[in-house]
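In what follows, a structure is listed as structure tokens, so that the remarks can point back to it.
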Amino acid sequence: LIPTLHYSDYVLLLIHNAAEEPRVLCIIQDITSAKTVNERLTLNLPASTTLAKLYEDVAHKAGYVNGTFDLAWGNTPDMTPLDHNSEMSLSDSEFEPGGKRNFLQLTDKDGEQPQIASDESGTADSSGLDDSSQERFIGPLPRDGSAGCSGDYSSPSYSYSSILNKSDTGYVGLVNQAMTCYLNSLLQTLFMTPEFRNALYNWEFEESEEDPVTSIPYQLQRLFVLLQTSKKRAIETTDVTRSFGWDSSEAWQQHDIQELCRVMFDALEQKWKQTEQADLINQLYQGKLKDYVRCLECGYESWRIDTYLDIPLVIRPFGSSQAYGSVEEALQAFIQPETLDGPNQYFCERCKKKCDARKGLRFLHFPYLLTLQLKRFDFDYTTMHRIKLNDRMTFPEELDMSPFIDVEDEKSPQTESCTDSGAENEGSCHSDQMSNDFSTDDCVDEGICLDSTSSSERMLKPKNSGNAKPSLLTFELFSVMVHSGSAAGGHYYACIKSFSDGQWYSFNDQHVSKITQDDIRKTYGGSSGSRGYYSSAFASSTNAYMLIYRLKDPSRNAKCLSVEDFPEHIKKLVQKEKESEEQEKRQREIERNTCKIKLFCMHPVKMMMESKLEVHKDKTLREATEMAYKLMELEGVVPLDCCRLVKYDEFHEYLERSYEGEEDTPMGVLLGGVKSSYMFDLLLETRQPDQVFQPYKPGEVMVKVHVVDLKNETIATPVSVRAYLNQTITEFKQLISQATGLPAETMRVVLERCYNDLRLLYVPNKTLKAEGFFRSNKVFVESSGSTDHQVAFTDSLLWKLLDRHGNTIRLLVLLPEQSPGTLANRTLCQKVGGDSDAAFEGSKGNRKSVETILEESTKKLKNLSLQQQHQGSSASDSQKSSDASDFEHIESPTQEADSNSSLCVAADNRELENRIRATAGSSGGASSDPDNHFACEERSDSEVNNDRSTSSVDSDILSSSHSSDTLCNADSGPIQLANGLDSHSITSSRRSKAHEGKKETWDTAEEDSGTDSEYDDNGKSKAEAQYLYFRAEPCSQDDSFGRDTQKCLVVHVDKRITLAAFKQNLEPYVGVTSTQFKVFRVYANNQEFESVRLNETLSSFSDDNKITIRLGRALKKGEYRVKVYQLLVNEPEPCKFLVDTVFAKGMTVRQSKEELLPQLKEQCKLDLSIDRVRLRKKTWKNPGTVFLDYHVYEEDISISSNWEVFLEVLNEPEKMKSMSQLAVLTRRWSPATMKLGPFQEVILESSSVEELKEKLSEISGIPLENLDFAKGRGTFPCDISVLEIHQDLDWNPKVSTLNVWPLYICDDGAVVFYRDSTEEPMELSEEERNELMKKESSRLLKTGHRVSYSPRKEKALKIYLDGGPAKDPGQD
């Protein structure tokens, strides 16, 4: 019997199932308008909810019409929207269930804002609220980092203005490119000026005469057309700025809006020459004023007439703490005359004498559009910083200008020359370069400072009331450009009144909203009433900066042209822009439906290729395969029917599945929809025509099978098989047997779970999953049936072979240039036939001997390939010592350096190639056999960095050399070494794998602690015996460095080998002992850094790393590499590199000079006397302590790796004899000639100021009482401009010794300037000063010193009429 399920039970069951179903938490940010950008909608939906249902729920919650908005992921840069009609569940669409937050953004659809659902439709989630509460407006908020007080928007008494959507305001915003809010505010003001907009529409662009891209009027015309007709919320201004000649960097420069207005008007006047609009700017914006001076004695008046485009109004009079309260007060102060009396008296032409006079300005004519600039940016002379004045200044909605006009002067003839009022009256007060624009696309409208308004404030109403006759000079306010922020930076937006309906709007970049007259009053500035009228420190930083009024004249006041009234050329432009917008919309729709996914392909010729496949979601798999086929350039290489697309995981190199029988399935279905990113990739798989594609099923794992041949000790390339995780090891062996043909009964399978983690799979019934198999796996199989399987796995030959395989890396080694002239001078010392004195005569005999030696050494390399690995750790010390005893070391007396008596090789490049090929052909293993060493010692070239390698040969050779304190040097003869040098050293390097990319090398041969325990008597690591795998072969053309392949080796080496052993194995290929060459690692940017730490392994190297070998002697223990620079105190570049050399611990300064001078003579052609040179400390470019001849390195002088030292050539024998002396560099300043003399060194016996002045008086002839001195600033040579030195240096400090503040002269090398105090500075004309300034600027820039009188940092605001700035090669 089947029990009956009642309806109530059914409901309970559904509820129970729903409770068990995981839920998805969605947090949605509505970024479609300023009022919603800070709101969050939260939905907690079942994971089975479809995307289509998600859109319905969001529409209901947000109160929008479904289908008029998009949803996109909020935490990814790609804003690809989710599919509106998809039936995919949230869990299948990458939503994360289980309480994790999924962030989405609600965005415009096709550039249009969402439609608000009507109340009748019932879609709005009103919940019984009234209309006022339905507005989800939360008010404008301050931006992060805004200079405005957070309290500006926090008062609970505010009645927020309603901010409407674009469709309700009817106006379009402008996108802020980065910091172009000032430009957006001015453009919106011009657009909302009917007379300007109409005149711009009436101008017709002639494409035949000018490039539309560089035509400023045409781009403005296009912008205005879009602002009037576009359906977008906001449009870009990039085309306009491009016509200005600006590049993208200009978008990050904020400028003063009044400055932009001036510059733009100038550019338009230039562009409109000889057109109907030629005088448009002057007709609309230009006024006239009289600048006069009137004598108070005779009444004579001198005057001139100036024109102006704006009137600059002072906020606070100079020196006053009180600001003007209103625009009317400021206008009255603007025309208030000043009295010229006392020393400022005016010379009257009529009285012919200086008289008291009155100077002032009178307005003669006001423009139709009156622009007032409130000068809020000022300079504080107390703090010496620019400041912004946030004081309160009221302005009326209607401004009567009749009290400020001079009626008599209006009628007088205007015959004087006119100049720009801005120049005469300092009309423009440019702000500093704004360092920050707080406006971003995601921020809300900066809004208006919503301070409470006291009842005593003046109402915005016409000045005339009652029956008074209206003035003929009444102007109505229609634009307020607001600045929010400080003098250092801020944000501009505009409050503009529409002349069509009288409504005020806030144009804040892309956000346009309605505002009221109360909001306009809040831009007056100042603080709230409770804080005092002039409390500027607490004032709001959001206040009016520019005001534009229009004359109330019905005969002239115009309305903006409607679309129907557009001129014909504008109608064509509208149609053109509409088509362009439609095309853009179609392109966006295509983009929205395009799947973009990574595509890989194993190209038969080009190997693995990577690209991005962009395919429409409705395209079929067959069409997508054809697109991928062309994208990967397989045409003519592989037939199309031999290719297919498969699902691929590139990270794990895993083929997830193939798509058999789904060739006609749309890609959108196969890929799971259009997404911003996919969790998988696609692989374009290829096959040979006679092969068949293998099906890949979901759930399978990929296994790469490497077959191991124990007999030949080889590991084959992998064969791919697919297995299931629930397969047993026995079943898995059968699968491998089918793929490889090996018998499963004797098969050993080894899994490499991670790097070098080898696991033998020996439990037959264990599953692959239990053994640790994952998506992609690597196994090694061997089925020889030998006795090797009877020993423990870790002791078996299989393990050793795999261990070697896992640790072997492939390195590309570039051998050194070896010309016959170079190798002929090199000594190769070795035992030949047991006779240490045997010599080969002639170069031919030498070459034959070397080839014989190489053959012998490569045979040893081959024979030793795996011997020690077979023997394991059984290689005893006695074996090593017997190897070493086969070798007899030869002393190398100096006289044997002759080429006829030494064992030298002069091999050219062809012979080097033969050597490489001969060695590669016979090598199969590694060698540390001492027979391979060619021991000798030689000084390295100065250009090449040094290294040091150790071996048993080195130890004996060095000890024999030290017996006579010489080194075998074929180039420059015997070189004395300092006593006490240890013959055996280990080079240490501070470079670790984590610091591979850093430009630091440690070249000193310091001995590490623990060295003795790590190395045996032969200088060879005790643990090194098992890590000797080394095989070299000549480079192919593809492997080479892009150079001659004859000099390139491909080396396969166990990366656990030490650098010392690696160098020893390279000896046969380089042709010299490991002590005679250095190893340099080449990084991606072709920078080379020397590897010097011999007891470190090659574990930091990886496959295909490049190595350069250079010839040269290595460092020994206690030796340091030193760079020698010449100090040239009176040259423009005082620091000149000479040579690289080596100093040793225990060596005296004189000994180092004796070694250095022959090197300088040979390499730098400097023939110097040892008594006429000195060495001194070098700290960057500063000369320091003078080293005396008897000083000993490490004892008296601290020396370190990469040390640098100055060599100074003296004009006379060294005067510095004691450490108590002080060497000071002095320089005379001559004010009368405005010149600096050359440097002269003064040697002081003490730190007395008196002694310094006496010495300066002695060398200059300046009397002691007239001598001034000052310490130079900065780094040597302490350059300073001759225009500044007289005042800027601290002359004659009141101290008696040099080693106290403010001098602190405690070491050699300080710079001291001195002068004659009675010498007067040269009188310079302005022209001479400017010329000298240019010369000094050029001189100081060349020496790298900063010029303190450099121009302002901010970039000047310019509009380029020729389409771009001219490149001045001399300009920085």
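Applying the salt bridge (charged side-chain N to carboxylate O under 4.0 Å, His left out) test to Glu204 and every residue at least two apart in sequence or in another chain returns nothing. For Glu614, the salt bridge (charged side-chain N to carboxylate O under 4.0 Å, His left out) criterion is met by no residue, not counting sequence neighbours. Under the side-chain contact (heavy atoms from CB on, under 4.5 Å) criterion, Cys261 pairs with Leu186, Phe265, sequence neighbours left out. Residues passing the side-chain contact (heavy atoms from CB on, under 4.5 Å) test with Arg592, sequence neighbours excluded: Asp70, Pro81, Lys109, Asp110, Glu589. Taking Ser580 as the reference, nothing meets the side chain to side chain donor-acceptor pair (under 3.5 Å) condition, with sequence neighbours excluded. Scanning for side-chain contact (heavy atoms from CB on, under 4.5 Å) contacts around Lys617 gives Asp83, Asn593, Cys595, Val674, with sequence neighbours left out. Shown here are the ring pair (Phe, Tyr, Trp, His ring centres under 6.0 Å) partners of Phe103, two or more places apart in sequence or in another chain: there are none. Qualifying side-chain contact (heavy atoms from CB on, under 4.5 Å) partners for Ala267, counting only residues two or more places apart in sequence or in other chains: Ile216, Ile1359, Leu1361. Qualifying side chain to side chain donor-acceptor pair (under 3.5 Å) partners for Thr594, counting only residues two or more places apart in sequence or in other chains: none. Residues forming a side chain to side chain donor-acceptor pair (under 3.5 Å) with Glu581 (at least two apart in sequence, or on another chain): Ser230.
Using a distance-only test at 3.5 Å, with no hydrogens or angles considered, no donor-acceptor pair links the side chain of Glu626 to the main chain of Glu623. At least one donor-acceptor pair closer than 3.5 Å links the side chain of His569 to the backbone N or O of Tyr201. When atom types are taken as modelled, the side chain of Lys232 and the backbone of Val172 share no donor-acceptor pair closer than 3.5 angstrom. For the pair His84 (side chain) and Phe69 (backbone), a donor-acceptor distance under 3.5 Å is present. Remark: the backbone N or O of Cys181 is not paired with any side-chain donor or acceptor of Gln254 at under 3.5 angstrom. Of the possible donor and acceptor atoms, none in the side chain of Gln115 sits under 3.5 Å from a partner among the backbone N and O of Tyr64. Although no hydrogens or angles enter the test, the distance criterion places no donor-acceptor pair under 3.5 Å between the side chain of Asp565 and the main chain of Leu561.
Partner of Phe499 under the ring pair (Phe, Tyr, Trp, His ring centres under 6.0 Å) criterion, chosen from Tyr505, Phe196, Trp504, Phe478: Phe478. Applying the ring pair (Phe, Tyr, Trp, His ring centres under 6.0 Å) test between Phe224 and each of Phe191, Phe566, Trp203 identifies Phe191 as the sole match.
Ring pair Phe205/Tyr218: centre-to-centre distance below 6.0 Å.
A salt bridge between Glu591 and Lys596 is present, with a side-chain N of the basic residue lying under 4.0 Å from a carboxylate O of the acidic one. Between Glu635 and Lys630 there is no salt bridge, since no side-chain nitrogen of the basic residue lies less than 4.0 Å from a carboxylate oxygen of the acidic one.
Counting only N and O atoms by type, the side chains of Asn184 and Tyr492 include no donor and acceptor under 3.5 Å apart. Side-chain contact check for Gln286 and Tyr368: no donor-acceptor pair (N or O, by modelled atom type) lies under 3.5 Å.
Within the structure, the salt bridge (Lys or Arg N to Asp or Glu O under 4.0 Å) test picks out the following pairs touching residues 178-202 (sequence neighbours left out): Glu195-Arg550. Listed by first then second residue, pairs satisfying salt bridge (Lys or Arg N to Asp or Glu O under 4.0 Å) with a partner in residues 219-230 read Arg222-Asp239, Arg222-Glu577, not counting sequence neighbours.
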